[in-house]
Amino acid sequence: MTTLIIISVLPIVLLYLGLYKAQKALLPVTIVGMLIALAAAVMQWNTNAQPIYNGMMLFDNFSVVFSVGSIVSTILILMLSKGYFEKISSHIAEYYAIILFSLAGIIVMVSFHNLTMLFVGIEIMSVSLYILAGIRKNDFASNEAALKYFLMGAFSTGFLLFGITLIYGSTGSFDLDVIRDWVVTHPKSHDALFYTGILLIIVGLCFKVGAAPFHFWTPDVYEGAPALITAFMSTVVKAAGFAAFYRLFSVSFSTVSSFWSPVILVITIATLFIGNITALYQQSFKRMLAFSSISHAGYLLFAIVALGAASANSIFVYATAYSIASIIAFGALVLVRQQTGTDNFEGFNGLARKNPFLAFALTISMLSLAGIPLTAGFIGKFFMFSGALLQYKYLMVIIAVINAIISIFYYFRVIIAMYFRSAERTEVLVPAYYKFVFGFSVLVTIAIGIYPELISRLI
Amino acid sequence: MTVSILLFLPILAALAVLLFKNEVAKHVAMFFAIAELALALYFLNGFVADASLQYSIDVPWIKQFGIYFKAGIDGISMVMVLLTTVLVPLIILTTYEHQYKNAKAFYALILFMQAGLLTVFTAFDGFLFYVGWEAALIPIYFICALWGGENRIRVNIKFFIYTFAGSLFMLVAIIYLYLQTPTKDYDLEHFYALSLDAKQQSWVFLAFFLAFAIKMPIFPFHTWQPDTYTEAPTAGTMMLSGIMLKMGIYGVIRWLIPNAPVGFLTWGNIAIILSVIGIIYASIIAFKQTDGKRLVAYSSIAHVGLIAAGIFAWNIYGVQGAMIQMVSHGINVVGMFFIWDIISRRLNTRDIDKLGGIAKVAPNFAIAFLIIVLGTVALPLTNGFVGEFLLLRGVFGWSIPTAAIAGTTIILGAVYMLRMYKNVMQGELNELTATFTDIKGSEKLALGIICALIIVIGVYPQPLLHISEASVTNLLETVSHKFITTKF
Amino acid sequence: MNSIANTIHAVPLNHYILLSTIIFSIGVMGVLLRRNAIVIFMSVELMLNSVNLLLTAFSVYRGDAAGQVFVFFIMALAAAEVAVGLAIIVMIYRNTNSIDINVLNRLKW
Amino acid sequence: MELQSSPGDFLPIIFQMLVALGFVVTTMFVTHKIGPKRVTKDKLTPFESGIEVVGNARSAVSIKYFLVAILFVLFDVEVIFMYPWAVNFRDLGKDGLIEMFIFMATLLAGFIYIIKKGALDWD
Amino acid sequence: MEIADILIKFGLIIVIFLISLVVAMYSTYAERKVAAFFQDRVGPNRAGPWGILQPLADGGKMFLKEEIIPTNATPFLFIVGPSLAILTACIGSAVIPWGQNIVIAGKTIPLQVTDINVGILYIFGVVSLGVYGVMIGGWASNNKYSLLGAIRAASQNISYEISMGLSIIALLLVTHTLSLGEIAQQQHGWHWNVIYQPVGFILFLICAFAETNRTPFDLPECETELVGGYHTEYSSMKLGFYLFAEYINMFISSAVMVTLYWGSYNYPGMDYMNGLLGPTWGPLLGFAVMFFKVLLFIFFFMWVRWTIPRFRYDQLMDLGWKVLIPLAIANIVITACVITFL
């Protein structure tokens, strides 16, 4: 709870700092504040938490772990933002504040114990993101991204709410435990309301996490939004979406998984193929990342299809690996774009000559995204495959393997561009903050890849 | 003292190389490679040639999934470790005449790859095996793609995709086996102890087979290989053909057949037929090649086909033959590629038809070339002979007609190899070849070592065979036992 | 005097569900078929309001106030969405002088 | 304390609406019928202080009005939350008081922010 | 409900409806008279004695004027605008308690159309709807003055609605109910809420002025800037509706203020008088008292109109947002603290 309070109060402080023109203090205050929040979250660890506020929130290990993950990722992204927002407009404090508000929503999302809080968390997060997607006010793509994101987000919220309502209608409560008990005590019930409710919730959540066939907004929004915001959306937000997804389905609906898991299975397979195959055809690195994020959503869905004891950890490991790697990718994209003015793969040509470190970091990131051993991404995929095989989902794993192979093509395009194609270019300037973020992320990626126990048994 | 030191030394070495300047990188790399060799010899010294696992390490790695860092050396591993540790310094030695751009990265990658290879050869944990398998792949990808020829990008992505695809299926199989173990871990011995039914074994077999077949490569999965060998820098080709290819063969011996013996019964025939087809096919293609490096690449497919056939015959002769032939082939093929490296470096061509009469201007080179060619075509008293003899004996035990067909590899091999030698070394000097200068310095040293090894192993293979014999026998027994216990 | 709750009980729950579903579907169709951003937006609000209606009905049927409290949350957050959404539409309008979503095809669907 | 209303209690409101509606419709109808009709083109042009009409009146207006509208929506919705609290104020006691004060403090923080930011400055 | 009850309700509704119409009509007359008084003039004096028939004459004139719907306007909305304005003005009176239950011929009749438990919210709902009439009318006219007037009206109304709502909250802390009937009962005798909530009352009063677009808050129709504001293009009875709605609103908001703060139909010593006059005449006296108070407020509205000059627009918004809202919140906080801790 302390974490959530700090994360909520911090943006207000930032807004006021912005009012009093303390531009220099913004980033340090944000980071210090978030570190305190991080500490508060860690303190919460293993305290055998019970639901608080009439069962609204539950700060158990699951929530703590995902909160910590989100906070760390956000810190990294914010460090990349040094000097970034200044170029967009003068309201820097607001951007920081909105990102933090969004983070507050995310923390609610990973800690909810009541459908009300799920909804509130999702909305706090989404509404902030609608704004963030459109912060380049004069850039048409950004505008469009904001509008699309907004319309689709609100649309999906409608589905989610209708689903929640139907669940409430049949179970009479929003509390996850009560819903679970209802399911247990009505095992043979053919309550159409309840099952329709589950389906609608799946639709709503799939929209939010960008799983096919509800993914179509994702590439446009990711492409249109400013790169760092896209980084935030595709990492922290996506992870939180899956955390919420998992939490809801594992606590409340796990006993009726025979009903919904085929649905999600189909969604998973569609997501994998659509994400991967379309990513192949992209010329823009940013758009490729957008599609790859769809396919990663597919892998993350594995944990939900094959719901088991280890699923929570799998989601966390995968999401962490994916987030960290994506942060590197987006950071590199920001730098390259600043120099070359393009998002395309060509922009990376010959990068390795002039910026070996940058190229190395990006290579590690791509390897991790592709799931090559000794990187965190491999561990994530490994966990997912293990979980799925444990549930005898062989077909799904085979399909995932095929997709993993397809993904090599587009991830390696960047590596090829950087190392094997040459282009006249000068050295890209890598600011110190970026260096830190890259270095840290690479270390974390490799560390998790070599010794996943660092994070794999936290929940 | 455990095997872990053997695995981590190359990684440290790789990092160390990165600290030095490009100019001295090769010396540093050489130093570490020799240190590694010394270490391996030290292990050999204390090695007892029975079936036990020695110098083993077994510590928890990822406990929740039952993953252990379990590695050790038994007879089979010992041979592979020796092969690796001998060839790596040799390969580094062959690069002494090259001036690679960004050399420290090059040598670091080679050393890093060595770590991966050694991990594969000593791992007794499924997960560790897989990690080593992939860890060997990444460096070679970069070596080939960064320092390779003109088509390197396209060719290498093909190579990578092929091998990665295969290994992912292997990963699935490994995870599957893990899930079947009662203790829920990746320990190879627990895998061996499993009793899966025939259908399960079939699938496991196929998944593993795909990975190994691509790596070796066996006939329909070989298409990446000639291109990659041709485009790769010579050192890369040597790593690929000399050591990495053996990962596949080793995998078949250690991971494929013992884990899925009944699957092997079902599919083994097809595998052996594919191997034999590969032999003939590759030999015929090799016959038509004019590019020397490409010719060697195809000859390599042919030889590997024979090794594969010998293993799939699955008897003591076949497997032991494979063991020794792996070493021989490693040495020979490295020598062969080095020969072509020398030629192409001096003359800027690898076209056999453009060459001729080099023996006249470079007698030392001619002798070395001849010895290596003879080793490759398995003349008695060279290393190739021992291996091929045992392999054919093994296949013979499985099926006489097949053995007969497989035996043509020796004839065909002799034909195209000797034709190559004749075209290159004999005949009249032309304008191009007249400029050829004889080998010297590091070249002489490297070729000398190779020739020495060819002859020594050819004359006295017994110690090498002795190292692996007990382990191989043990493995064969395990499999036989499993045949009996499997539910059909 | 019968209370409101009793009167509402007199109407079968299914009718409320049906009504809400119809309104919800109208909203969904509106989002999918209309091209004007504002109209789409209003359709979304229609969806939310159908949910509110249904929640209230359920809440009364169950004699549980939680459903109605949820309605409050929906309204509050819908208001926030309205604020942001209209701001985005205004921003688009200023740049393009149009709120037809067909002009928003710079990024492909 | 709690006054229970029945749907019947709302019926008179509908009556009153009907009465008012009847009044409006009748009046409109009557005035439409008995008023003179002498339309000319100039009479029907929008009034623009006698000069020619310039452009369409429905053009964009100052963003300030929009801002006010949005702020109203937000504040009004926040005020909604205070009504149940105010009515049940005594039952909720000190805890309720503190909670609502936190709520209002947040609201005020936002309020002061928008004022400081100049969102409500008209110039 | 029985038929008789329904008929009684209908009767009550029509009576109240007529009373509001008459009050509104005569408010126009009163306004001119008051204005004349303030400006030391005579005021209307031709139609009937003291000009007492003047409102009827005005009404008749409205009926007979030509109806104009400008070419550029949107005809449907152009008609809907004023209708909506008057409609919302007319239905607001439904929840106001005009007196105690009256007993006529052995039948108890409440002097309130209906006492719903969310009376205050109903009033707010109706008041919020009022802005639509103005907004739609102004927009439908397709005239720049109209549009500007309408937008001004809208933003003014909504701005003051917030402070109005907040000021009511402080009152609710005292009353614990949203039912106007109950609030009226609570103020029995002299326990008028204005004693407990003086600040709240002043806030509410100011907001009421703004909501009814009365001077000093008559920016939407300020003739010196905007010709006629949102009703520039209107003529005939449609114009009449707008003007009329303003006076009805004035009446209703006076009644609401009296109900909420000034003791409704209560007066000191009412128990004694009720005992004296019995169950029929006692409540009627209460009704008279209530009406008297309402008339006083209407007079106050007029008084202010001819005394205080109009605000500038920025002053208006500043007052609404930067003074009234903080004041209202402070009022809530203090009230809550006082009730809790004392």
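Every chain is numbered from 1 and lettered A, B, ... according to where its sequence line falls, protein lines coming before strand lines.
- For A:Phe378, the part lying near chain B is the side chain, with the backbone staying farther off; criterion is any non-hydrogen pair under 4.5 Å.
- Ring-plane geometry between A:Phe382 and B:Tyr186 is classed as tilted, the angle between the planes lying from 30 to 60 degrees on a 0 to 90 degree scale.
- Contact annotation for A:Ile406: neither backbone nor side-chain heavy atoms come within less than 4.5 Å of a heavy atom of chain B.
- Looking at B:Ile157, the atoms closer than 4.5 Å to chain A (heavy atoms on both sides) all sit in the side chain, from C-beta outward.
- At a 4.5 Å heavy-atom cutoff, the contact between B:Leu179 and chain A is made by side-chain atoms alone.
- Contacts of A:Ala400 with chain B are absent, with no heavy-atom separation under 4.5 Å from either backbone or side chain.
- Legend: residues meeting side chain to side chain contact (heavy atoms under 4.5 Å, CB included) with A:Leu443, ordered by chain and number and at least two apart, are absent.
- Atom OH of A:Tyr392 has 12 or fewer heavy atoms from other residues, nucleotides or ligands within 6.0 Å.
- Using a 4.5 Å cut-off between heavy atoms, B:Ile67 touches chain A through its side chain atoms alone.
- Ring planes of B:Tyr141 and A:Phe412: perpendicular class, angle over 60° (limits at 30 and 60°).
- For A:Leu389, the parts lying under 4.5 angstrom from a heavy atom of chain B are both the backbone and the side chain.
- The shortest side-chain heavy-atom distance between A:Ile372 and B:Phe164 falls under the 4.5 Å cut-off.
- For residues 445-452 of chain A, a heavy-atom distance under 4.5 Å to chain B picks out A:Ile450, A:Tyr451, A:Pro452, given by residue number.
- Contact of the A:Thr363 side chain with the B:Phe142 side chain is registered, since non-hydrogen atoms from C-beta on lie closer than 4.5 Å.
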